[in-house]
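Below you'll find the structure, written out as structure tokens, and then a few comments.
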There are 2 protein chains.
Amino acid sequence: MPEEPRRQARGQRRMVQLLDAAAVVFAEAGYAKATTNAIARQAGVSPGTLYQFFANKEALAEALAERYRSELAAAHQKAFDPGTAQLPLPELVDRMIRPMVEVNLENPGFKALFGSGDLPDKLTAPTRALQKAVTGRVAEVLAARYPGLPTDRLETTAAVATQIFAALLGTIVTTPAAHRERWITELNQALVGYLTPLEPARSGSCG
Amino acid sequence: MPEEPRRQARGQRRMVQLLDAAAVVFAEAGYAKATTNAIARQAGVSPGTLYQFFANKEALAEALAERYRSELAAAHQKAFDPGTAQLPLPELVDRMIRPMVEVNLENPGFKALFGSGDLPDKLTAPTRALQKAVTGRVAEVLAARYPGLPTDRLETTAAVATQIFAALLGTIVTTPAAHRERWITELNQALVGYLTPLEPARSGSCG
DNA sequence: GACAAACGCGAGTAAATGCTCGCATTTTCT
DNA sequence: AGAAAATGCGAGCATTTACTCGCGTTTGTC
């Protein structure tokens with residue numbers, strides 16, 4: 001197999017440019033209907049140039065998914081001081097939700113790679129990686145808050161919470177900003193409702 | 001536009017056969033990657049024959065969605081005696097969930113038309129119709145249980161509940177039957193948790 | 001400056017795919 | 001029986017699309 005060429009500064013910039021273009025086109029058309037020619041055009045580049053940097057459409061999607069993965073990790077790291085896990089549940093959930101919604105609003109292509117279930121088998125890999133990264137984060141937080149929870153129960157809960165999140169994400173990001181808060185509240189309530197049974201009984205709750 | 005020919009019994013059977021085949025192929029490949037030639041082959045029929053009965057791929061999907069819509073309605077009608085709405089919340093949710101899961105298990109193509117977000121714009125119509133039918137059912141039940149709820153709040157709640165359901169449906173139907181119950185329980189808990197705040201306070205709950 | 005490697009182009013290709021068309025067979029109607 | 005309508009076939013068309021290739025330009029290194 002041909003080895004990766006040693007990239008020049010110009011090439012690195014082109015790659016960023018192409019990923020940006022891919023994000024736009026994926027967001028507009030979805031992965032399946034997005035064409036590599038359209039991505040090249042969006043980047044102001046010829047199809048040949050695109051293939052100088054990415055072996056195929058799948059590799060492009062993979063690289064884009066990797067970018068999102070790292071942006072997500074950064075956003076979460078910024079939102080989690082140590083001690084966050086001890087906050088009241090609604091606030092904890094809020095702190096997990098907001099950064100992810102923001103990443104989604106800033107990166108239009110995210111949903112196309114994260115949410116959709118109708119992708120060709122080959123793309124399952126990058127998508128699964130994204131989902132797994134998110135689920136992993138959620139699991140960490142749950143583990144910090146509920147130290148007594150058995151591992152398998154924890155993983156199940158994290159998976160369900162992530163899927164609920166993914167389900168409402170589409171509605172949230174496609175809603176005009178004016179009414180967006182309403183759906184975020186709704187998502188918050190759904191997650192809080194799902195997680196509340198795990199909370200230890202609060203003293204004084206029946207004052 | 002050419003009017004629909006008067007179908008013979010043979011033709012009606014072919015249409016059923018083609019819808020069955022479409023369901024299988026959609027389920028295996030997803031809508032986008034499913035080819036009409038493959039559907040015809042699956043039905044043991046030539047491509048020309050397929051187009052004798054369905055104007056195009058979209059019309060095929062539409063007819064399939066309509067079939068699912070009616071199966072769903074039948075399943076729900078069977079599950080709802082009058083008075084069901086007054087059951088304890090977990091049981092009510094269970095009664096809503098089970099028939100839909102069953103319909104999904106019996107109809108492999110359902111998820112491909114119901115769940116996926118990456119569909120071409122044209123298919124948005126049948127998909128939306130399916131989602132709307134389900135959401136409508138949910139809204140009816142919620143209206144019966146919570147008569148005081150304002151309409152917009154009711155619709156929002158129904159939409160969210162439906163999306164949560166759709167999100168976990170994929171996991172449920174792809175899980176081997178042995179572990180399926182576990183995920184159904186999880187879905188139940190998520191929905192109960194989300195809806196509990198709407199319940200009127202139970203007397204004696206702090207006995 | 002000279003050489004190689006990376007970059008860039010865009011017409012072109014092979015394969016896939018939704019769909020058509022001419023023609024043959026079967027069913028329905030009178 | 002005979003006409004008309006419905007059903008059936010499958011080679012093949014028109015289009016799309018991921019990807020290639022030959023060749024020219026720019027960049028980095030000595």
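Below, chain A is the first sequence line, B the second, and so on; all start at residue 1.
Salt bridge annotation for Arg153(B)-Glu186(A): present, with a cationic side-chain nitrogen under 4.0 angstrom from a carboxylate oxygen. Salt-bridge formation is detected for the pair Arg98(A)/Glu181(A): a Lys NZ or Arg NE/NH1/NH2 atom is positioned less than 4.0 Å from an Asp or Glu carboxylate oxygen.
Side-chain contact between Phe54(A) and Thr36(A): absent, with no pair of heavy atoms (C-beta onward) separated by less than 4.5 Å. Side chains of Thr84(A) and Leu87(A) form a contact here, defined as non-hydrogen atoms less than 4.5 Å apart.
Rounded to a whole Å, the CZ atom of Arg10(B) is 7 Å from the C1' atom of dG8(D). What separates CG of Leu50(B) from P of dG10(D) is a distance of 14 Å, to the nearest Å. When rounded to the nearest whole Å, the span between CZ of Arg6(B) and P of dA4(D) equals 17 Å. Protein atom CG of Leu60(A) is 10 Å distant from nucleotide atom P of dC19(D), rounded to whole Å. If you take CD of Gln12(A) and P of dG28(D), they are 12 Å apart, rounded to a whole angstrom. Whole-Å rounding puts the Gln52(A) CD to dG22(D) C1' distance at 13 Å.
With distances taken from any side-chain atom of Val45(B) to the nucleotides dC9(D), dT26(D), dA6(D), the minimum falls on dC9(D). Picking from dA6(D), dA11(D), dG8(D) the nucleotide with the shortest atom distance to the side chain of Gln8(B) gives dA6(D).
At the phosphate of dT7(D), OP1 or OP2 sits under 4.0 Å from a side-chain N or O atom of Arg7(B).
Bracketed by its first and final contacts, the part of DNA chain C lying under 4.0 Å from non-hydrogen atoms of chain A reaches from dA6(C) to dG10(C) in 5' to 3' order.
Atom CG of Leu72(A) and atom CZ of Arg137(A) lie 8.5 Å apart (nearest 0.5 Å). In this structure, CD1 in Ile164(A) is found 5.5 Å from CG in Leu191(A), a value given to the nearest 0.5 Å. In this structure, CD1 on Ile172(B) lies 4.5 Å from CG on Leu187(B), to the nearest 0.5 angstrom.
Counting non-hydrogen atoms under 4.0 angstrom, Gly48(A) reaches a base of the nucleic acid.
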Please assess Tyr146(A) against Glu199(A) for the test side-chain contact (heavy atoms from CB on, under 4.5 Å), listing each intermediate value before the final yes or no.
-> CA-CA 8 Å; Tyr146(A) 309 116; Glu199(A) 293 281 302; 2.4 Å; yes
Pair Thr49(B)-Arg14(B), side chain to side chain donor-acceptor pair (under 3.5 Å): steps then yes or no = CA-CA 9 Å; Thr49(B) 298; Arg14(B) 274 273 178 272; 5.7 Å; no
Filtered N/O pairs between nucleotides 16-18 of chain D and protein, under 3.5 Å:
unit_1, atom_1, unit_2, atom_2, d
dA18(D), OP1, Ala34(A), O, 3.3
dA18(D), OP1, Lys57(A), NZ, 3.4
dA18(D), OP2, Thr36(A), N, 2.7
dA18(D), OP2, Thr36(A), OG1, 3.2

